[in-house]
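Since the model is a prediction, treat every value here as computed from it, not as a measurement. Residue numbers begin at 1 in each chain, while the letters A, B, ... track the order of the sequences.
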There are 2 protein chains.
Amino acid sequence: MLSLKFNRTTEYALRAMANLALQRHDRPMTAKALSKATDIPQHYLSKIMKKLVEAGLVMSQKGHGGGFSLGKPNNEIPFLDILVASGYESHPNRCVYGWGECNNEAPCPLHDSWVELNDAFKEWAMKKTLMDVRGHPVQAPGDATEGV
Amino acid sequence: MLSLKFNRTTEYALRAMANLALQRHDRPMTAKALSKATDIPQHYLSKIMKKLVEAGLVMSQKGHGGGFSLGKPNNEIPFLDILVASGYESHPNRCVYGWGECNNEAPCPLHDSWVELNDAFKEWAMKKTLMDVRGHPVQAPGDATEGV
DNA sequence: CATACAATAGATGATTTTATCTATTGAGTC
DNA sequence: GACTCAATAGATAAAATCATCTATTGTATG
C-alpha cells in the first residue's frame with residue numbers, strides 16, 4: 001500500500017482547516033479546542049494557524065470569546081492554498097534528477113514523468129476545496145447538536 | 001508553483017536508478033562513479049543501494065571490476081518498486097485527519113479526497129517504469145561513446 | 001598469496017523538523 | 001481598572017532525517 005506523505009506541518013494545516021470547515025456554529029474556535037479536536041500539539045498548531053491567518057484563509061480574534069474561524073467560504077479555499085500557506089513549497093520545483101537547470105527546454109531524464117505526476121497533483125490541489133470536506137456525517141445522525 | 005516532495009532517500013533512489021538505467025555499457029557501475037554522476041553522497045548512496053539490492057532491483061558485485069547494475073530489464077522496474085524499496089512507506093496509509101481507523105467503511109472527512117489523490121499517485125507509480133527514463137538524449141548525438 | 005578494488009556494515013555527527021515551554025500582547029467581562 | 005481569556009512571539013528541547021567517517025568482508029589480478 002503506497003500513499004503520499006505530507007510533512008507534519010502541512011498535514012496539520014489541512015487537518016485544522018478541515019476541522020474548522022466542519023464547525024457548525026459560527027462562533028470562533030479557540031486554539032485549545034482546535035488542538036483537542038485535531039490532536040495537534042497546541043503551540044505547534046498556533047504557529048501553523050498564524051501562517052493560515054497571514055494567508056487570509058483564517059480569521060483570528062484575540063481575547064475573551066475569540067478564536068479562529070474561516071476567512072472565506074468553504075468553496076473558496078482550495079487545498080492548494082492551504083498547502084502553500086503552510087509553507088509546503090520550500091524547494092520550488094527542485095529537480096529530482098539533481099540538475100540545477102531542469103525545464104521543458106532542458107529536461108532531465110526524469111522530467112517528463114515528474115511533470116506528469118505534478119500536474120495530477122496540482123489539478124487535485126486546485127480542484128478540491130474545503131467544500132469537499134463535507135460529505136460524511138461527522139457524528140451519528142441522531143446526536144444532540146445544540147440549536148443554532 | 002507547487003510540486004511534490006519526496007524525502008531525500010526516495011529522491012536519491014529514483015535518481016540512482018534512473019542513472020543506472022541510462023548506462024549504455026553493461027559493465028557494472030561503482031558506487032563511487034554513481035555517486036559522482038548523481039551528486040549523491042557516496043556512503044549515503046551505498047545504504048540506499050543496499051535496499052535496492054535487497055529488493056532485487058539492482059545486482060551488486062563486490063571486488064575488482066564490481067559495482068551495481070540493474071537487476072531486471074528497464075520496463076520491469078516501475079517507480080513504485082523503487083519507492084517501496086527505498087523505504088518510502090513508513091506510515092502505511094496514515095490518516096491525514098488523524099483518525100486511527102480510517103477506511104471506506106469509516107471514512108474521515110478528508111478520506112475521499114485523499115483517496116482520489118493517492119489513486120492518481122499510485123497509478124503513476126505503477127505505470128511509469130525505468131523505460132520512461134529514456135526519452136531525451138543524455139549527451140549530444142555526436143559524442144564519442146566507447147564501442148561496446 | 002599479496003595487493004588493490006569495491007561493496008557491506010556500524011558508529012558517529014550535523015541539520016532539519018517537530019514539539020514544548022514561557023512570556024507578551026490584545027480583547028472582553030465584572 | 002483589575003481579571004480572565006486567548007492569540008502572538010520567541011526561546012528551548014526532542015526526535016527524525018541526512019550525511020560522513022572508519023572499519024570489515026568479498027573478489028579479481030599480478
Side-chain angles (χ1 to χ4, degrees), chain A residues 5-16 20 23 27-71 83 85-91 94 96 98, chain B residues 5-16 20 23 27-71 83 85-91 94 96 98:
Chain A
K5 268 190 321 192
F6 287 138
N7 58 27
R8 284 293 166 90
T9 302
T10 297
E11 178 185 317
Y12 286 168
L14 227 36
R15 197 189 293 182
L20 276 185
Q23 226 51 35
R27 296 228 312 262
M29 196 175 187
T30 69
K32 198 173 173 184
L34 192 54
S35 161
K36 215 160 196 172
T38 54
D39 202 37
I40 301 172
Q42 178 172 347
H43 288 85
Y44 193 19
L45 174 60
S46 287
K47 288 189 174 55
I48 298 172
M49 295 313 290
K50 187 194 156 198
K51 294 181 184 179
L52 296 171
V53 168
E54 284 170 352
L57 305 181
V58 164
M59 282 178 10
S60 70
Q61 176 65 34
K62 276 189 173 184
H64 199 130
F68 298 101
S69 46
L70 290 188
L83 299 186
S86 75
Y88 182 72
E89 248 319 74
S90 30
H91 309 286
R94 162 192 182 81
V96 201
Chain B
K5 266 191 322 190
F6 288 137
N7 57 25
R8 283 293 166 91
T9 300
T10 296
E11 178 186 316
Y12 285 169
L14 227 38
R15 198 190 291 183
L20 276 186
Q23 226 52 34
R27 297 225 313 258
M29 196 174 186
T30 70
K32 198 173 173 185
L34 192 54
S35 162
K36 215 161 197 171
T38 54
D39 203 37
I40 300 172
Q42 179 173 347
H43 288 85
Y44 194 18
L45 174 61
S46 287
K47 290 193 173 51
I48 298 172
M49 294 314 290
K50 186 195 157 199
K51 294 181 183 177
L52 297 172
V53 168
E54 284 170 353
L57 306 181
V58 165
M59 282 178 10
S60 71
Q61 176 66 33
K62 275 188 173 183
H64 198 128
F68 298 99
S69 47
L70 290 187
L83 299 186
S86 76
Y88 181 71
E89 247 319 74
S90 32
H91 308 287
R94 165 190 180 83
V96 201

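Here the CE-CE distance, from A:M49 to A:M29, works out to 9.5 Å after rounding to the nearest 0.5 Å. Once rounded to the nearest 0.5 Å, the distance linking NZ of B:K36 with CG of B:L34 reads 12.5 Å.
In this model, the phosphate group of D:dA19 is approached by a side-chain N or O of B:Y12 to a distance below 4.0 Å at OP1 or OP2. Between B:S46 and the phosphate of C:dA9, there is no side-chain N or O to OP1/OP2 separation shorter than 4.0 Å. OP1 or OP2 of C:dA6 has not a single side-chain nitrogen or oxygen of B:S60 nearer than 4.0 Å. Side-chain nitrogen and oxygen atoms of A:K47 include none within less than 4.0 Å of the OP1 or OP2 phosphate oxygen of D:dT8.
Distance B:K36 NZ to C:dA6 P: 13 Å, rounded to the nearest Å. Spacing between atom CD of B:E11 and atom P of D:dC18 amounts to 9 Å, rounded to whole angstrom units. Remark: P of D:dC18 and NZ of B:K51 are 10 Å apart, rounded to the nearest angstrom. Note: CE (B:M59) to P (C:dT8) measures 12 Å, nearest angstrom. Protein atom CG of A:D39 is 14 Å distant from nucleotide atom C1' of C:dT18, rounded to whole Å. In this structure, the NZ atom of A:K5 is 13 Å from the P atom of D:dA16, given to the nearest Å. A straight line from CE of A:M49 to P of D:dA9 spans 14 Å, rounded to a whole angstrom. Note: CG (B:L45) to C1' (D:dC18) measures 13 Å, nearest angstrom.
Scanning for salt bridge (charged side-chain N to carboxylate O under 4.0 Å, His left out) contacts around A:K50 gives A:E54, with sequence neighbours left out.
Closest to the side chain of B:F68, out of C:dT20, D:dA19, C:dA7, is C:dA7. With D:dA6, C:dT20, C:dT8 as the choices, the nucleotide that has an atom nearest any side-chain atom of A:P41 turns out to be C:dT20.
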Could you check B:Y44 against B:T9 for side-chain hydrogen bond (donor to acceptor under 3.5 Å, both in side chains), going step by step and ending with a plain yes or no? CA-CA 9 Å; B:Y44 194 18; B:T9 300; 2.6 Å; yes

Exercise. Run the numbers on A:F6 and A:L14 for side-chain contact (heavy atoms from CB on, under 4.5 Å), then give the verdict.
Key: CA-CA 10 Å; A:F6 287 138; A:L14 227 36; 3.9 Å; yes

Going by atom type alone, with no hydrogens or angles, which donor-acceptor pairs under 3.5 Å involve a side-chain atom of residues 58-70 of chain B and a protein atom two or more places apart or on another chain?
none

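If you check every strand for non-hydrogen atoms under 4.0 Å, B:M29 touches sugar and phosphate atoms only.
A side-chain donor-acceptor contact under 3.5 Å links A:Y88 to the backbone of B:K5.
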Expected string for nucleotides 22-30 of chain C under the B/S/- scheme (protein heavy atoms, under 4.0 Å, primed atoms plus P, OP1, OP2 as sugar-phosphate) is B--BBBS--

